[in-house]
Amino acid sequence: MEQITEAELAEQKRKEMIEEEFGLKVLDNKSALNTRNLWKKAVPNSSEGFLDYYYESRIKENLVFALEDGEVYSMLHLVPYFAAIRRNPPLPGARRLPCMADVVRIDANLISIAATQKEYRKKGSMKKLICGALEYQRRKNVPLCIANTDNQEFFEQFGFHYIYDQPQYELNLEMITIEMLKRAADGESVPLNQQNVILTAVDNDRLLSLAHFVNANLCRYYGLFVIRSAVYYERLLDELKSDGGNLYQIVENGTIQGYFAYAQNEDCKIREAVFEKESDMERYFQKSKTNKPAAMARIVNLPEMLKHISSNGKVTIAIQMQDPVIAENNGLFIWYLDEKGSRMERVDESKGGEEPSMRPEVSTTIGAFTAFLFEYEKLKQNLKFDSIYLSGPAWINEKY
């Protein structure tokens with residue numbers, strides 16, 4: 001008989017407690033398949049190819065929170081990822097470009113889709129699912145939850161804040177044409193205008209080298225990003241192909257110079273692009289619009305996140321935090337920071353005004369605090385805050 005591990009028992013108990021406390025269901029793999037029709041209603045432009053891929057390959061890896069009335073009428077899909085966050089302060093003696101040795105890995109879940117049938121809307125269904133999903137993550141010690149959305153007003157009420165604006169690129173058709181993409185997708189190495197530079201589609205044998213290339217370049221410029229791996233790119237490639245897209249790389253003398261993900265059926269067809277040189281980005285792509293606010297996020301488990309935030313010397317800050325969902329993050333705190341990390345201790349608010357040292361130096365929301373840590377916006381301009389090692393900017397392009 002297969003033995004159930006202690007971790008599996010703890011996970012099962014955690015799900016059962018969330019189900020009972022929030023009146024929802026955390027669906028098993030088989031039951032999660034029944035959410036396909038709701039997805040199709042919520043996102044009518046989703047192709048059958050993409051839905052086949054998602055529900056055959058990806059659904060079993062995700063957590064699906066749902067409400068049922070004979071059938072699922074409201075759902076939230078939560079996708080687990082590993083993210084890289086900058087290690088601060090820098091490693092001693094590091095006089096070189098940042099590399100993967102300079103980051104630490106954290107859990108970061110993504111809300112990939114949240115949908116409710118029309119007749120059940122405006123009755124608090126999605127509020128119940130989001131609050132349940134956030135509390136589940138807090139109990140599992142997940143530091144960060146991300147939502148790739150343009151529904152700012154809705155997610156703000158749950159403590160989310162934008163942390164990433166996505167560049168909007170189009171192909172420079174004088175350099176790379178749609179016909180060239182088709183030829184590369186068919187397996188051809190397509191010469192570009194420069195000598196010894198070719199365009200190729202990325203096949204499965206090159207996914208690991210692509211992941212190494214992208215991670216190496218992202219960690220030079222960003223303090224937060226989702227870690228790439230061969231498995232990550234295998235899934236992204238399947239996702240893109242199911243919608244008529246592909247992964248492409250530009251190679252010079254056998255060395256990768258850059259890569260881009262082309263999404264045939266999305267408004268912004270260049271899903272993402274990473275190049276070693278900014279000048280190459282400008283050569284092969286044109287910015288079609290101003291950057292679009294794309295990824296919102298919020299800290300879920302505050303102690304887990306603060307372990308990775310440090311300062312230049314010892315710093316103590318009294319901070320009033322407002323969290324509309326998670327009570328443990330809501331209140332008056334003393335934030336202690338040094339070179340090894342940081343932590344917050346709650347202050348008895350009935351006594352907070354009696355001592356000047358306990359009065360808040362800044363009042364903020366959990367969303368604005370998240371945006372501050374990832375350098376999306378400033379919290380307060382003074383020497384104390386200037387000494388904090390921030391972990392931005394963020395680079396978040398994940399959707400499913």
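When reading the values below, keep in mind they use all heavy atoms of this one structure, side chains included, and skip hydrogens, waters and symmetry mates. Not measured: the values here are computed from a predicted model.
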Any idea which heavy atoms bring [X] and [Y] closest together, and the distance?
{"X": "Ala297", "Y": "Leu144", "answer": "CB-CD1, 4.2 Å"}
{"X": "Ala368", "Y": "Glu377", "answer": "CB-OE2, 3.7 Å"}
{"X": "Ser125", "Y": "Ser74", "answer": "CB-OG, 3.7 Å"}
{"X": "Phe155", "Y": "Met296", "answer": "CB-SD, 3.8 Å"}
{"X": "Tyr222", "Y": "Ala394", "answer": "CD2-O, 3.9 Å"}
{"X": "Arg138", "Y": "Val300", "answer": "N-CG1, 3.4 Å"}

For a 4.5 angstrom cut-off between non-hydrogen side-chain atoms, does [X] reach [Y]?
{"X": "Ile366", "Y": "Ile326", "value": "no"}
{"X": "Phe260", "Y": "Leu199", "value": "yes"}
{"X": "Phe374", "Y": "Ile396", "value": "no"}
{"X": "Val72", "Y": "Val64", "value": "no"}
{"X": "Leu247", "Y": "Arg206", "value": "no"}
{"X": "Gln137", "Y": "Leu78", "value": "yes"}
{"X": "Asp102", "Y": "Cys219", "value": "no"}

Do the charged groups of [X] and [Y] touch, with an N to O distance under 4.0 Å?
{"X": "Asp238", "Y": "Arg58", "value": "no"}
{"X": "Asp338", "Y": "Arg343", "value": "no"}
{"X": "Arg283", "Y": "Asp280", "value": "yes"}
{"X": "Lys25", "Y": "Glu68", "value": "no"}
{"X": "Arg139", "Y": "Glu135", "value": "yes"}
{"X": "Arg346", "Y": "Glu328", "value": "no"}
{"X": "Glu361", "Y": "Lys384", "value": "yes"}
{"X": "Glu239", "Y": "Lys399", "value": "no"}
{"X": "Glu16", "Y": "Lys13", "value": "no"}

Should we say atom [atom1] of [X] is surrounded by more than 12 heavy atoms from elsewhere, each under 6.0 Å from it?
{"X": "Lys60", "atom1": "NZ", "value": "yes"}
{"X": "Glu174", "atom1": "CD", "value": "no"}
{"X": "Glu20", "atom1": "CD", "value": "no"}
{"X": "Lys182", "atom1": "NZ", "value": "no"}
{"X": "Glu345", "atom1": "CD", "value": "yes"}
{"X": "Leu383", "atom1": "CG", "value": "no"}

Rounded distance (nearest 0.5 Å) linking atom [atom1] of [X] with atom [atom2] of [Y]:
{"X": "Asn62", "Y": "His77", "atom1": "CG", "atom2": "NE2", "answer": "8.0 Å"}
{"X": "Asn246", "Y": "Arg271", "atom1": "CG", "atom2": "CZ", "answer": "13.0 Å"}
{"X": "Phe372", "Y": "Lys378", "atom1": "CZ", "atom2": "NZ", "answer": "8.5 Å"}
{"X": "Ile227", "Y": "Leu218", "atom1": "CD1", "atom2": "CG", "answer": "10.5 Å"}
{"X": "Ile18", "Y": "Leu63", "atom1": "CD1", "atom2": "CG", "answer": "11.0 Å"}
{"X": "Leu134", "Y": "Cys145", "atom1": "CG", "atom2": "SG", "answer": "5.5 Å"}

Say whether [X] and [Y] are linked into one hydrophobic cluster, either directly or through other cluster members, by side-chain heavy-atom distances under 4.5 angstrom.
{"X": "Ile256", "Y": "Ile270", "result": "no"}
{"X": "Met100", "Y": "Val214", "result": "yes"}
{"X": "Val43", "Y": "Leu33", "result": "yes"}
{"X": "Val226", "Y": "Leu236", "result": "yes"}
{"X": "Tyr81", "Y": "Leu240", "result": "yes"}

[X] side chain to [Y] main-chain N or O, any donor-acceptor pair under 3.5 Å?
{"X": "Gln257", "Y": "Thr255", "answer": "yes"}
{"X": "Glu234", "Y": "Asn204", "answer": "no"}
{"X": "Ser189", "Y": "Thr200", "answer": "no"}
{"X": "Gln157", "Y": "Phe154", "answer": "yes"}

[X] and [Y]: aromatic ring centres closer than 6.0 Å?
{"X": "Trp395", "Y": "Tyr221", "value": "no"}
{"X": "Phe50", "Y": "Tyr400", "value": "yes"}
{"X": "Tyr136", "Y": "Phe65", "value": "yes"}
{"X": "Phe275", "Y": "Phe285", "value": "yes"}

Picking from [options], what satisfies side-chain contact (heavy atoms from CB on, under 4.5 Å) with [X]?
{"X": "Leu224", "options": "Leu373, Ile163, Leu390, Val103", "value": "Ile163"}
{"X": "Met175", "options": "Leu171, Asn172, Thr177, Leu173", "value": "Asn172"}
{"X": "Val142", "options": "Ile106, Asn109, Ile299", "value": "Asn109"}

Report task. Could you go through the side-chain hydrogen bond (donor to acceptor under 3.5 Å, both in side chains) check for Gln166 and Asn397 one step at a time? Result -> CA-CA 8 Å; Gln166 183 179 32; Asn397 286 322; 3.2 Å; yes
Report task. Quick one: do Glu48 and Arg36 satisfy salt bridge (Lys or Arg N to Asp or Glu O under 4.0 Å)? Show the steps, please. Result -> CA-CA 10 Å; Glu48 289 298 328; Arg36 177 171 174 147; 2.6 Å; yes
Query raised in the report: Under the side chain to side chain contact (heavy atoms under 4.5 Å, CB included) criterion, do Gln322 and Asn330 qualify, and how do the steps go?
Result: CA-CA 5 Å; Gln322 298 172 12; Asn330 195 63; 4.1 Å; yes
Report task. Check step by step if side-chain hydrogen bond (donor to acceptor under 3.5 Å, both in side chains) holds for Asn329 and Asp323. Result -> CA-CA 6 Å; Asn329 301 338; Asp323 191 322; 3.1 Å; yes
Query raised in the report: Quick one: which of Tyr284, Phe213, Tyr233 gives a ring-ring contact (aromatic ring centres under 6.0 Å, His included) with Tyr259?
Result: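 The ring-ring contact (aromatic ring centres under 6.0 Å, His included) with Tyr259 is passed solely by Tyr233 among Tyr284, Phe213, Tyr233.
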Requested in this report: Taking atom types as modelled, find out whether Tyr55 and Thr35 have a side-chain donor-acceptor pair closer than 3.5 angstrom.
Outcome: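 Checked: Tyr55/Thr35 side chains pair up, N/O donor to acceptor below 3.5 Å.
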Query raised in the report: Which of parallel (below 30°), tilted (30 to 60°) and perpendicular (above 60°) describes Phe369 and Trp335?
Result: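 The rings of Phe369 and Trp335 stand perpendicular, inter-plane angle above 60°.
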